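Everything below concerns the one structure shown next.
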Amino acid sequence: MDAVDIKTETDNSPGAARTIRISGAEAVVRSLIAEGVDLVFGYPGGAIMPVYDSLYHFREEIHHVLTRHEQGATHAAQGFARVTGRVGVCIATSGPGATNLITGLADAQIDSTPIVCLTGQVTAGLLGTDAFQETDVVGISTPVTKWNYQITDAAEIPEAIARAFYIARTGRPGPVLLDITKNAQFGELDYAYQPCQGIRSYRPKPVVSVNKVEEAAALINQARRPYVLFGQGIILGEAEQELREFLEKSGIPAAWTLLGLSALPTDHPQNVGMLGMHGNYGPNVLTNECDVLIGLGLRFDDRVTGKVSEYARQAKVVHVEIDPSEIDKIVKADVAVNGDVKEVLPMLTALVEKRDHSAWMSRFRECAAIEQEKIIQKELFPTKAGLTMGEVIRLVSEKTGGEAVVVSDVGQHQMVASRYYNFRRSRSNVTSGGLGTMGFSLPAAIGAKLGCPKREVVAIIGDGSFQMTIQELGTVLQTQVAVKIIILNNEFLGMVRQWQQLFFDRRYSATEMINPDFVQVARGYGLEAESVSERDGLSEAVDRLLESPGSYLLEVRVEKEDNVFPMVPSGASVAEIRLD
């Protein structure tokens, strides 16, 4: 997001809140409470200590979760935000505490996750002097935040926090960082809080062009082979029902991006599967056979398009997207509708004709049958001795009825979880999409479970990813959060190894892992844990995991050199997808 005018619209009516004289640190905490925040993740330090002291006095109103690393705090805030739809909040000190947030901020930025990060900073008079634990976190975080701001005076705090939450959650959501100098935390102000209702120069919700919607509907009504691709914009815009109504009236097949997964139930008759590098066979191949391609709330990421110059060249493209910067950025749209999908979809639904696309749908079924025979059957119901990742996910899906929140890390296990878990509810797939952050899953699962304590939360993690943030088992121990952890251990950095096998003549450079005893490590953190390597014991082990009232770690030793197919090789067209 571009820089905005700092003047926020405020309520100056006679009924506006009366002021009280308090410290800046207390103003931070009271402002969070005013925004409905009751849970924050963080790690204290010298420059943020006044805020932590105020948190102590408001511990009945705000629960603080002490993560074991600041990156873990950002991912936990992301997991919380992704399952609840609320803004996640994390706190860190200056210097290394602040810089440790950067990976999580970048992840939230590219995946459009609303989080607000508060960092402490040295006293304003020391800025620019290389004081102890001083870093220019505003400069560092500018490329990976929707907005950031440094507060140097206590009087700025309420307005800045109100602005931060408004910017984070509106339009295309994203991360915001506020850097608060220590003198601003100690200073006093006459405090009153007014939620932000708007900011000059920032228009988060575009005015939808009726003419563009009519043009889009005309293209769709003329199509013989229309095809819908939907992304996370459906979930962020809370447009799941509007999507179903549009699809069921139009009869159009629909495929999803990695982050669009769960917006439409996996078993919906018009849900044809996943797009992208390791997506389903039909959704990829048939992209280059459709005549009208309808993109809803997605950005045409390179993992979806493959070789852009050969992507859907035969099709007219309709793109519905709230962020104008994403329109025509990668795929040129014949009709672009800049707007909120929740507003645009009912307008489209009213104009599209009910059509019979059964012949076109049969092409997807034919492709699905090929993929079932060549890949899926062998992955989900293997006859070889070694365990596969797919059969583990199949069991978890069956035993949870598709109702769990699945928090996957990054790698082969991520693709397998996305392909084979049958999601029935929205906001159930939590993963790192655009940035592909290894180590995301464990802290994100903690945040997801604390955000939705009544839902089962299952973290699917590879052995490599697990060791990126393994210290967050300490957070599980301290919070006693009931996260179910499945480590799919192939003793490799599996996705990199797969590429090395296929494209580098099996030169496995720096990808084989010598791992610790994960069960003993988990038990050292107070978790129940076990390991399974035989098919005969797998189902019962998954039962024990899911039936455990508390946290539980299950290590599953899977085949070391299994690959994830289908696969679109880097630089190839989606029509060149490989089945083996």
Side-chain angles (χ1 to χ4, degrees), residues 65 67-68 72 75-76 79-80 83 387-409 411 413-414 416-417 420-421 423 428-431 439-490 515-558:
V65 174
T67 58
R68 295 309 187 259
H75 294 328
F80 173 89
V83 298
L387 294 173
T388 67
M389 295 184 185
E391 65 182 311
V392 179
I393 302 301
R394 173 181 60 82
L395 281 171
V396 173
S397 183
E398 291 172 356
K399 292 176 183 292
T400 58
E403 294 286 339
V405 174
V406 175
V407 187
S408 58
D409 218 285
H413 60 280
Q414 176 190 35
V416 172
Y420 298 130
Y421 191 89
F423 291 92
S428 296
N429 170 54
V430 179
T431 194
F440 173 87
S441 178
L442 179 56
I446 294 169
K449 183 64 177 179
L450 291 172
C452 291
K454 293 183 179 179
R455 295 195 66 185
E456 190 76 88
V457 175
V458 181
I460 306 294
I461 316 178
D463 50 311
S465 294
F466 185 50
Q467 292 176 86
M468 289 277 189
T469 52
I470 195 170
Q471 73 276 0
E472 297 306 332
L473 289 176
T475 308
V476 176
L477 169 65
Q478 187 157 346
T479 60
Q480 292 296 295
V481 61
V483 172
K484 309 303 168 63
I485 304 164
I486 298 178
I487 308 299
L488 297 178
N489 183 3
N490 58 12
N515 294 318
D517 185 329
F518 291 126
V519 171
Q520 290 300 321
V521 171
R523 288 174 178 168
Y525 280 101
L527 278 71
E528 290 189 75
E530 66 175 300
S531 180
V532 61
S533 58
E534 302 292 334
R535 187 163 291 115
D536 287 347
L538 178 61
S539 181
E540 292 78 8
V542 173
D543 285 337
R544 287 189 290 274
L545 170 94
L546 295 174
E547 291 167 4
S548 171
S551 55
Y552 199 103
L553 183 143
L554 173 63
E555 176 195 30
V556 183
R557 293 182 172 272
V558 297

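Note that the structure is predicted; figures quoted are calculated from it, not measured.
Atoms NZ and CG, on K399 and L545 in that order, are 10.5 Å from each other to the nearest 0.5 Å. Rounded to the nearest 0.5 Å, atoms CZ (R557) and CG (L488) are 12.5 Å apart. Here the CD1-CD1 distance, from I393 to I486, works out to 6.5 Å after rounding to the nearest 0.5 Å. Taking CD of E398 as the start and OH of Y421 as the end, the distance is 10.5 Å to the nearest 0.5 Å. Atom-to-atom distance recorded for L554:CG and D543:CG is 10.5 Å, nearest 0.5 angstrom. Note: N489 CG to N515 CG = 5.0 Å, rounded to the nearest 0.5 Å.
The shortest distance between side-chain heavy atoms of D409 and Q414 does not fall below 4.5 Å. Side chains of N490 and D463 form a contact here, defined as non-hydrogen atoms less than 4.5 Å apart. Side-chain contact between I485 and L473: present, with at least one pair of heavy atoms (C-beta onward) separated by less than 4.5 Å.
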Problem set entry | Test side-chain contact (heavy atoms from CB on, under 4.5 Å) applied to Q471 and T469, step by step | CA-CA 5 Å; Q471 73 276 0; T469 52; 4.3 Å; yes
For this session: Show your working on side-chain contact (heavy atoms from CB on, under 4.5 Å) between V416 and V392 and close with a plain yes or no.
Result: CA-CA 10 Å; V416 172; V392 179; over 6 Å; no
For this session: Could you go through the side-chain contact (heavy atoms from CB on, under 4.5 Å) check for Y420 and R394 one step at a time?
Result: CA-CA 6 Å; Y420 298 130; R394 173 181 60 82; 5.6 Å; no
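Without hydrogens or angle criteria, R68 side chain to G474 main chain gives a donor-acceptor distance under 3.5 Å. Using modelled atom types, one side-chain atom of R523 and one backbone atom of A529 make a donor-acceptor pair closer than 3.5 Å. For the pair S397 (side chain) and G402 (backbone), a donor-acceptor distance under 3.5 Å is absent.
Between S441 and I461, the shortest heavy-atom distance links the atoms OG-CG1, 3.5 Å. Between V481 and S551 the shortest heavy-atom distance is O-CB, 3.5 Å. H413 and S465 get closest at one heavy-atom pair: CE1-OG, 3.9 Å.
E530 and Y552 share a side-chain donor-acceptor pair at under 3.5 Å.
Pairs engaging residues 446-456 under the salt bridge (Lys or Arg N to Asp or Glu O under 4.0 Å) rule: E456-K484 [sequence neighbours left out]. Residue pairs that meet the ring pair (Phe, Tyr, Trp, His ring centres under 6.0 Å) test with at least one member in residues 451-476, sequence neighbours left out, are F466-F518.
A salt bridge links R535 and E391; the closest N-O separation between the charged side-chain nitrogens and carboxylate oxygens is under 4.0 Å.
More than 12 heavy atoms of other residues, nucleotides or ligands shown are found within 6.0 angstrom of CD on E403.
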